[in-house]
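Values below: all heavy atoms of this structure, side chains included; hydrogens, waters and symmetry mates excluded. One is the number of the first residue; the rest follow in order along the sequence.
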Amino acid sequence: MNYAIMDDIHDSSRRPEDTLHSAGTAIGFMEEGRYLALKSDQHDYTWDKAWSHHVSGALLNFIPVYGDMAQRGADVITSAWITDEQRDQAAKLTSDSQATFSLRQKQLNAIADQWYAANSKWADSHAGYSHIQGIYDQIDGAANNGNSLARGRAGAQ
């Protein structure tokens with residue numbers, strides 16, 4: 001994908017600002033796809049809890065006198081286990097999302113630098129495309145647009 005983006009940046013038949021925006025949008029779209037995939041990979045613990053409740057209840061309720069109390073204890077343990085698993089899963093999702101964002105920023109900055117190297121004369125004569133901050137804001141905004149576009153296509157608004 002990076003090769004295609006670089007080819008596009010050097011395509012003299014396209015306007016320079018369009019190539020920067022296209023690159024950012026493509027990166028943002030792919031980034032959002034990663035986020036959506038990470039979220040869809042999350043395990044739903046609803047059935048784990050339901051099955052452990054029913055299985056332990058079927059076994060523990062046969063204990064004379066103490067069956068109901070043992071079942072309640074099993075419910076507390078099962079709930080704590082599920083809560084711990086969900087917390088671990090949420091922490092991993094956060095970590096993976098942060099890594100995805102960090103990768104995105106590095107990739108966008110590298111593309112912006114390459115774009116500026118190919119289009120510095122044009123950029124220096126147009127407001128909002130300075131090498132100090134403008135190109136990074138432009139490509140970041142385009143990436144955010146790509147994020148929104150991916151969420152819209154996936155129906156995950």
Side-chain angles (χ1 to χ4, degrees), residues 1-56 74-157:
M1 183 60 128
N2 287 327
Y3 291 118
I5 289 172
M6 288 301 116
D7 285 345
D8 194 44
I9 285 172
H10 293 282
D11 183 352
S12 61
S13 70
R14 294 198 63 205
R15 294 172 54 125
E17 67 270 32
D18 292 343
T19 64
L20 184 63
H21 287 273
S22 293
T25 301
I27 298 301
F29 191 92
M30 291 185 303
E31 175 198 20
E32 190 63 32
R34 287 185 201 105
Y35 291 138
L36 292 171
L38 288 171
K39 289 176 187 173
S40 72
D41 285 346
Q42 299 295 290
H43 181 70
D44 181 2
Y45 287 96
T46 306
W47 285 107
D48 294 347
K49 184 174 181 177
W51 279 107
S52 65
H53 169 79
H54 290 299
V55 170
S56 64
D75 288 347
V76 168
I77 291 169
T78 300
S79 292
W81 168 67
I82 294 296
T83 300
D84 285 346
E85 290 295 318
Q86 288 172 326
R87 189 178 314 116
D88 291 346
Q89 182 173 269
K92 181 169 179 1
L93 177 61
T94 298
S95 175
D96 290 346
S97 294
Q98 289 169 338
T100 296
F101 183 77
S102 177
L103 174 65
R104 170 215 187 188
Q105 286 308 116
K106 290 175 185 172
Q107 188 175 20
L108 288 175
N109 289 346
I111 291 169
D113 290 338
Q114 289 294 315
W115 180 88
Y116 187 80
N119 298 289
S120 59
K121 287 182 182 179
W122 183 92
D124 291 340
S125 65
H126 289 80
Y129 290 89
S130 72
H131 191 254
I132 296 169
Q133 187 64 41
I135 59 172
Y136 305 108
D137 289 345
Q138 292 289 338
I139 198 166
D140 194 51
N144 290 338
N145 182 53
N147 293 144
S148 296
L149 184 61
R151 277 193 303 276
R153 294 262 168 98
Q157 310 223 347

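Looking only at side-chain heavy atoms (C-beta outward), Ile111 and Met6 come within less than 4.5 Å of each other. The closest side-chain heavy-atom distance from Asn145 to His21 is not below 4.5 Å. Proximity of Asp18 to Asp8: side-chain heavy atoms (C-beta onward) are nowhere separated by under 4.5 Å. Under the 4.5 Å side-chain criterion, counting only non-hydrogen atoms from C-beta, Arg14 is in contact with Ser22. Contact of the Asp124 side chain with the Tyr116 side chain is registered, since non-hydrogen atoms from C-beta on lie closer than 4.5 Å.
Taking each heavy atom of Ala143 and Leu108 in turn, the nearest pair found is CB-CD1, 3.6 Å. Considering all non-hydrogen atoms of both residues, Ala23 and Ile5 come closest at CB-CG2, 3.5 Å. Residues Ile135 and Ala112 share a closest heavy-atom pair of CD1-O, 3.4 Å. Smallest separation of non-hydrogen atoms from His126 and Trp122: ND1-O, 2.7 Å. The shortest heavy-atom contact between Leu93 and Lys39 is CD1-N, 4.2 Å.
Relative orientation of the Trp115 and Tyr129 rings is tilted, given thresholds of 30° and 60° on the angle between their planes.
With rounding to the nearest 0.5 Å, the separation of CH2 in Trp81 from OG1 in Thr83 is 10.5 Å. Atom-to-atom distance recorded for Phe29:CZ and Arg34:CZ is 12.0 Å, nearest 0.5 angstrom. Note that CD1 of Ile27 is 13.0 Å distant from CG of Asn144, once rounded to the nearest 0.5 Å. The distance from the CG atom of Asp7 to the CG atom of Asp11 is 8.5 Å, given to the nearest 0.5 Å. We find the CZ-CZ distance between Arg153 and Arg151 to be 13.5 Å, quoted to the nearest 0.5 Å. The distance from the CD1 atom of Ile139 to the CG atom of Asn109 is 8.0 Å, given to the nearest 0.5 Å.
Within the 3.5 Å criterion, the main-chain N or O of Ala91 finds no donor-acceptor partner in the side chain of Ser95.
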| query | So Lys92 and Gln89, side chain to side chain contact (heavy atoms under 4.5 Å, CB included) or not? Walk me through it. | reply | CA-CA 5 Å; Lys92 181 169 179 1; Gln89 182 173 269; 5.8 Å; no

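When the shell of 6.0 Å around CZ of Arg15 is examined, it contains 12 or fewer heavy atoms from other residues, nucleotides or ligands.
Ionic pairing of Asp140 and Arg104 is present here: one or more N-O contacts between side-chain nitrogen and carboxylate oxygen are shorter than 4.0 angstrom.
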